[in-house]
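Keep in mind that what you see is a predicted model, and the values were worked out from it rather than measured.
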Amino acid sequence: MPKGYIITQWTEDEGLIAPVCYPEQITVDLDDMMRIFYAHITGAGEAGNVLVRLERARSNVSSYFTGMESEVPLMINLMLELGEDPDMFGEAVIREINGEILKYLNQMGTNISETYEIIEKLKIYLKNALFLLDRLKNMTKEQRMAQIYSTERGKAILALLQERARSRKELQTLLEEKLDTIISNFEITLDPFIKTDLVKQDWIEGFSDILLFLISDFTISRAPVIKLVENAKKDLPNSILAKSYLENVKEFFSNYNPTLEDNLVIALNMINPDKFDYIALFRERAYPLNKIPKGPGEGSKKVIEMLKLMEEDKIITIVKDNKNIEWVFLLTEISVQSFFPEYIIEQIRRDQIEGKLKKEVAIKHLELLEKSYTKPKKGGIKVSKVRKAKKEKVIKTEKVSESKKIKLKQEDFSGSSLEIQRKIKEKKDEIARVEEEATREEISAKDEINAEHDVKITEIEDKLTYEQKKLNYSNEKLVEWNLKTKEFKTSVKSLTEEFNTLKKEKSKILSSKLKEISKEKNAKIKAIQGEISKEKEKKIIKE
C-alpha cells in the first residue's frame, strides 16, 4: 500500500521545504529530499516524473516536478514501498491525481487563514487519493486490460508481443528505446499482462533468458445496456423517462464509430474504481440523482462532479421526468473482451521461415496457444479447431477397431511419468527427423529443377542482354537523330526567313525597276510622237 504524500517546494530563501505531508507522521530527511530534487534538476530542470529509490527511508518515490521555470518549483512525492512502482496504478491515474493536487496548491496565497483551510482540504483529498490507489491494487481482470490500453508503456508492450515472442531482456531493451526512458522494475510493468493471462512466461532449454509469449488479445467496446433497454421498452421506470432514454440510446449508437480515442475514454473510466463502481451500479437500474448510493467519504458534490464527467464521456445520460427530477441511466455498456489471437499463428509460421524466430521458440509458442485454447472452461471443455480437424481426419482415413483403439490408449498412457515423457520425446525426435528429411528432399528437388533450367535461363539472360544493348543503341541513335532534326529545323527556319527576305527585296527592286522602265518608255514614246507631229506640220506647210 502507498505510504503517503510529501509535497515539497523550492524557495530562494529557505531552499527545499515540505509544507504538506499526509499522513502527518510520514517523514523523509533532507538529504533524501535533495536526492529527489537533484534527480529532477539534472539537465534542463524541466517539468516531469522520476522514480527514486531511497534506501534509508526504505521507500520508492514517484515524484512529479513542476520545473524550475514555474513560479514556485514544486515536487509531489508519492511515497511507496520498496517493492512498489507507479506503473501498478497506471500513469493516467497518477497524472490525474497530481493535477488535482496542483489545483489545491495553486490556490494557496498570502492569507494565512485561507491557506490553512486549503491545506486541510488538500489533506482530505490526499487521504481519498491514497484509498483510491490502494483499491487499484485489486482491480478486476477487465480493469487491468483497460489499464494496459490507457498507458503508452502498456500499448507498446502489446504491440511488440503481437509481432512475435521475445525474451524479457529484448522486450525491455526495445521498450526503453521506443519510449526513451529507463524501466527500473520490469516485473511490475509486466504484471498486468501476466495477471490477465494475456502473456505466458516460459523457459526453453538452451536459452539464457525467460521468454514472453502472447497467448490472448483483447478489444474495448461500447454496446447498448440490454437490461435497461428492455426495461425502457416496458415503460420502466415510467413512460416519459423510458421514451427519453430510448431516444438518447438510439441517437448515440446511430452515430457511434469506435475509434482509438474513444477506446481510451472507455479505458480511463474503467480504471477509476469509483467510476467503475457506479457503472456496475447503473447496469442494474436507473437512479434519481438525489438518491444515488454514495461510498464511504463521498459527498454529494463530489458524486455530482464525477457523474458530470461520465456524462461528458457518454458513459451515462441524465434524463428529467415530468416532475423535473433528474434520473441517471447508463447510456452505454463498456467492457473489455479477450479473444484468441488467431492472427499470430500465421505470423509465427512466416517469422520461422524468414529466420526471424528460432524453431524451438515457434514450437513452444504454438504449444502454449493450443494449451490455452483448449483449457477447461465452466460448463465443459473447449476443444481446439486443430484437434477437431485432426480427429475428423483420423476417423475418415483410418478405420481402427474399438479394441485396437483401447489397446493403443493403454500403450500410450501406461507406465510412469518418465515413460510418458520418453515417448513424447521420441515423437518429437521423429517429427524433427521427418522435417529434416523433407528439407533435404526440398533442397534436392530445387537443385534438380535448377540444373534443368539453368541453361535455358542463361540463354534467355544472354538474349535479354543483347536485346537490351540493341535498345540502348537505338535509344542513342534516336537521341542523335532528334538532335540532328532539331538542327535541320533551325537551319530550314533560318533559310526560310532569308528566302522570304530576299523575295521581298527582289519584289521591291523589280517593282522599282519596272516603274523606271515604264517612265523611260513613256518619255521616249512622247518624244517620238512629238517628232511625228512636227513632221506632219512641215508636210502640211510644203503642200
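- More than 12 heavy-atom neighbours from other residues, nucleotides or ligands sit within 6.0 angstrom of CZ on Phe253.
- Considering only heavy atoms from C-beta on, Leu132 comes within 4.5 Å of Ile97 through its side chain.
- The two atoms that bring Val225 and Thr332 nearest to each other are CG2-C, 3.8 Å, heavy atoms only.
- Counting heavy atoms from C-beta on, the side chains of Val199 and Leu190 never come closer than 4.5 Å.
- Heavy atoms from other residues, nucleotides or ligands lying under 6.0 Å from CZ of Arg58 number 12 at most.
- Side-chain atoms of Asn106 come within 3.5 Å of backbone N or O of Leu102 as a donor-acceptor pair.
- The backbone N or O of Leu241 lies less than 3.5 Å from no partner atom in the side chain of Ser244, so there is not a single donor-acceptor pair.
- Taking every heavy atom of both residues into account, Tyr125 and Glu100 meet most closely at OH-CB, 3.1 Å.
- In this structure the side chain of Leu260 reaches within 4.5 angstrom of the side chain of Tyr149, judged on heavy atoms.
- No donor-acceptor pair closer than 3.5 Å links the side chain of Asp351 to the backbone N or O of Lys356.
- How far CD1 of Ile215 is from CD of Glu370: 13.0 Å, rounded to the nearest 0.5 Å.
- Between the side chain of Ser372 and the backbone N or O of Leu368, no donor-acceptor pair lies under 3.5 Å.
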Show the numbers, then the answer: is there a salt bridge (Lys or Arg N to Asp or Glu O under 4.0 Å) between Arg349 and Glu346?
-> CA-CA 5 Å; Arg349 186 192 69 80; Glu346 176 60 22; 2.5 Å; yes

What do the steps show when you test Leu136 against Met88 for side chain to side chain contact (heavy atoms under 4.5 Å, CB included), and what is the final call?
-> CA-CA 8 Å; Leu136 286 171; Met88 66 199 308; over 6 Å; no

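- Atoms CG and CD, on Leu211 and Gln201 in that order, are 10.0 Å from each other to the nearest 0.5 Å.
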Go through the steps for Ile7 and Met75 under the test side chain to side chain contact (heavy atoms under 4.5 Å, CB included), then give the verdict.
-> CA-CA 6 Å; Ile7 298 170; Met75 287 193 303; over 6 Å; no

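- The structure places CG of Leu126 at 8.5 Å from OH of Tyr22, a figure rounded to the nearest 0.5 Å.
- Side chains of Ser59 and Lys3: a donor on one and an acceptor on the other come within 3.5 Å.
- Shortest non-hydrogen contact noted between Ile183 and Gln172 is O-NE2, 3.1 Å.
- Between Glu24 and Lys123, some side-chain heavy-atom pair lies under the 4.5 Å cut-off.
- Here Ile348 contributes atom CD1 and Leu366 contributes atom CG; the two are 4.5 Å apart, rounded to the nearest 0.5 Å.
- No donor-acceptor pair under 3.5 Å is formed between the side chain of Glu305 and the backbone N or O of Lys302.
- Side chain of Ser239 to backbone of Asp235: no donor-acceptor contact under 3.5 angstrom is found.
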Trace of the salt bridge (Lys or Arg N to Asp or Glu O under 4.0 Å) decision for Glu91 with Arg153 = CA-CA 9 Å; Glu91 59 192 46; Arg153 191 174 292 187; 5.5 Å; no

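- When side chains are defined from C-beta on, Lys141 counts as touching Asp197, because their heavy atoms get closer than 4.5 Å.
- The CD1 atom of Ile316 sits 8.5 Å away from the CG atom of Leu330 when rounded to the nearest 0.5 Å.
- A heavy-atom distance below 4.5 Å is not found between the side chains of Ile334 and Phe276.
- Judged by distance alone, the side chain of Thr66 and the main-chain N or O of Leu74 form a donor-acceptor pair under 3.5 Å.
- Within 6.0 Å of OH on Tyr116 lie no more than 12 heavy atoms contributed by other residues, nucleotides or ligands.
- Residues Pro2 and Leu78 have side chains in contact (heavy-atom distance under 4.5 Å, counting atoms from C-beta outward).
- Leu198 and Ile148 make their closest contact through CD1-CD1, 3.7 Å (heavy atoms, listed as atom of the first residue, atom of the second, distance).
- Of the possible donor and acceptor atoms, none in the side chain of Asp180 sits under 3.5 Å from a partner among the backbone N and O of Glu176.
- Judged as a salt bridge (charged side-chain N to carboxylate O under 4.0 Å, His left out), the pairs with a partner in residues 201-218 (not counting sequence neighbours) are, in order, Asp202-Lys364.
- With sequence neighbours excluded, the residues that form a side chain to side chain contact (heavy atoms under 4.5 Å, CB included) with Lys291 are Pro288.
- For the 3.5 Å distance criterion, the side chains of Gln337 and Ser335 qualify, holding a donor opposite an acceptor.
- Scored by the salt bridge (Lys or Arg N to Asp or Glu O under 4.0 Å) test, Lys127 finds no partners at all (sequence neighbours excluded).
- Within 6.0 Å of atom NZ in Lys250, 12 or fewer heavy atoms from other residues, nucleotides or ligands are found, so the atom counts as exposed in its surroundings.
- A distance-only check finds no donor-acceptor pair linking the side chain of Glu46 to the backbone of Gly67 [under 3.5 Å].
- Proximity of a side-chain donor or acceptor of Ser63 to a complementary backbone N or O of Ile36 within less than 3.5 Å is not detected.
- Each of Phe329, Phe252, Trp327, Phe282 was checked for a ring pair (Phe, Tyr, Trp, His ring centres under 6.0 Å) with Tyr245, and the lone residue meeting it is Phe329.
- In the model, Gln347 has a side-chain atom that pairs as donor or acceptor with a side-chain atom of Arg350 under 3.5 Å.
- Shortest non-hydrogen contact noted between Leu161 and Leu214 is O-CB, 3.7 Å.
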Please test Arg222 against Ile315 for side chain to side chain contact (heavy atoms under 4.5 Å, CB included), starting from the C-alpha separation and ending with a verdict.
-> CA-CA 9 Å; Arg222 295 180 187 255; Ile315 305 298; 3.7 Å; yes

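- In this structure the side chain of Leu212 never reaches within 4.5 angstrom of the side chain of Arg166, judged on heavy atoms.
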Given side chain to side chain contact (heavy atoms under 4.5 Å, CB included), test Tyr64 with Asn77 step by step and report yes or no.
-> CA-CA 7 Å; Tyr64 172 73; Asn77 303 298; over 6 Å; no

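- Looking at every heavy atom in both residues, Lys320 comes nearest to Asn324 through CD-OD1, 3.1 Å.
- The side-chain tip of Arg35 does not point at the ring of Phe37 from less than 6.0 angstrom away and within 45° of straight on.
- If you take CG on Asp85 and CG on Asp191, they are separated by 10.5 Å, rounding to the nearest 0.5 Å.
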